[in-house]
Amino acid sequence: MKRELMDILACPMCKGPLQLEVTEEDENEVITGSLKCTQCPETYPINDAIPNLLPPDLRD
Amino acid sequence: MLPRGFAGRLTLIGMNIGHKSIYSKVAKVLELRPEDDLLEVGCGNGYFLKKFASHVHSVAGLDLSELSVKMAKEKHRDRIRAETAEFVQGEASQLPWEDGKFSVVITMGSFIAFPKPLESLKEMRRVLRPGGRVLVSIEWNAEDGLDHTREVKGYGMWLWTEDDVRAVMKEAGFSDISITYGKGLKMPKLMIASAVK
């Protein structure tokens, strides 16, 4: 996931701003990490450079 | 059931072949402009966005399936690097974007499977700028003369009539609702609904 995506993404549940936490990153994008909502308690995982912004009840 | 693994990849490619003939009809209705920021809800493997990408400023795709998003990212690698394409895993009725980030939002072939069609249309409207355009293509519908009993029972597919589509788009807040028809493989009367925020 490109860091620039942070400029437009929002929490799918409450539409609040998200905060990026990076675990692994290469020269292009964030590979592993999470997107934490600053307004509600939800956190969304980033795996294989794909942000999983599914509502929590739809996650595997 | 969401596509997974090698069989899932084949399924997604097979869906592209089925939908190939829809592209030109949808492109005509959309009248894309070079300054457009285009979002596809239910983007699959990014096939349509790949075709549309050269006509617009940027493309974004959202899909329920991780495999679809992965394949879309592979297909759009160069544009992602150039920051003119982006793909996320998500659900249509709870879109993960701020208000007014797109000028065009489309959904092609997925609307019949949306569990919450009204909420999804409201979300699509929310992420549109004022004056932005929405397009919903409904491959199988109540107007096409086919027997969809199996799909309705098996997959919980919604069998949309033209009146129902107009009503749900109006309820979602869209105006200038227009419906036209095209043809696709095994889709004798493909419904294309478009409207404006």
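Chain identifiers are assigned alphabetically (A, B, ...) following the order of the sequence lines, protein sequences preceding nucleic acid strands; residue numbering begins at 1 within each chain. These figures come from a predicted structure and were not determined experimentally.
Atom CD of B:Glu98 sits about 11.0 Å away from atom NZ of A:Lys15, to the nearest 0.5 Å. A distance of 8.0 Å separates CG of A:Asp7 from NZ of B:Lys101, quoted to the nearest 0.5 Å. Atom CG of A:Leu58 is separated from atom CD of B:Gln94 by 7.5 Å, given to the nearest 0.5 angstrom. Going from atom CD of B:Gln89 over to atom CG of A:Asn52 covers 4.0 Å, rounded to the nearest 0.5 Å.
Follow the hydrophobic side-chain contacts under 4.5 Å out from A:Met6 and you reach B:Phe102 in the same cluster. Hydrophobic clustering (side-chain heavy atoms under 4.5 Å, transitive across Ile, Leu, Val, Met, Phe, Trp, Tyr) keeps B:Val196 apart from B:Val136. The hydrophobic clustering, which links ILVMFWY residues whose side-chain heavy atoms are closer than 4.5 Å, places A:Ile31 and A:Val22 apart. In the hydrophobic cluster analysis, where Ile, Leu, Val, Met, Phe, Trp and Tyr join through side-chain heavy atoms closer than 4.5 angstrom, A:Leu20 is grouped together with B:Phe87.
Summarising the local packing, CZ of B:Arg77 is surrounded by 12 or fewer heavy atoms from other residues, nucleotides or ligands at distances under 6.0 Å. For CD of B:Glu31, the number of neighbouring non-hydrogen atoms (other residues, nucleotides, ligands) closer than 6.0 Å is 12 at most. Taking a 6.0 Å sphere around CH2 of B:Trp140, one finds it holds 12 or fewer heavy atoms contributed by other residues, nucleotides or ligands.
Minimum interatomic distance between A:Lys2 and B:Ile80 (heavy atoms only, all atoms of both residues): CE-O, 3.1 Å.
Heavy-atom pairs under 4.5 Å with chain B peak, among A:Pro12, A:Pro55, A:Ala49, at A:Pro12.
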- [ ] Any chance you could lay out the side chain to side chain contact (heavy atoms under 4.5 Å, CB included) test for B:Val88 and A:Leu5, step after step, and finish with the verdict?
- [x] CA-CA 10 Å; B:Val88 304; A:Leu5 252 186; 4.2 Å; yes
Open item on the list: Applying side chain to side chain contact (heavy atoms under 4.5 Å, CB included) to A:Ile50 and B:Lys70, what does each step give before you reach the verdict?
Closed with: CA-CA 7 Å; A:Ile50 295 173; B:Lys70 199 173 175 184; 3.9 Å; yes
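No salt bridge links A:Glu27 with B:Arg81; every basic N to acidic carboxylate O contact stays at or beyond 4.0 Å. Salt bridge B:Lys73/A:Glu29: present, at least one basic N to carboxylate O contact under 4.0 Å.
In this structure, chain B has heavy atoms under 4.5 Å from both the backbone and the side chain of A:Ile8. With a 4.5 angstrom heavy-atom cutoff, B:Glu86 touches chain A only via side-chain atoms.
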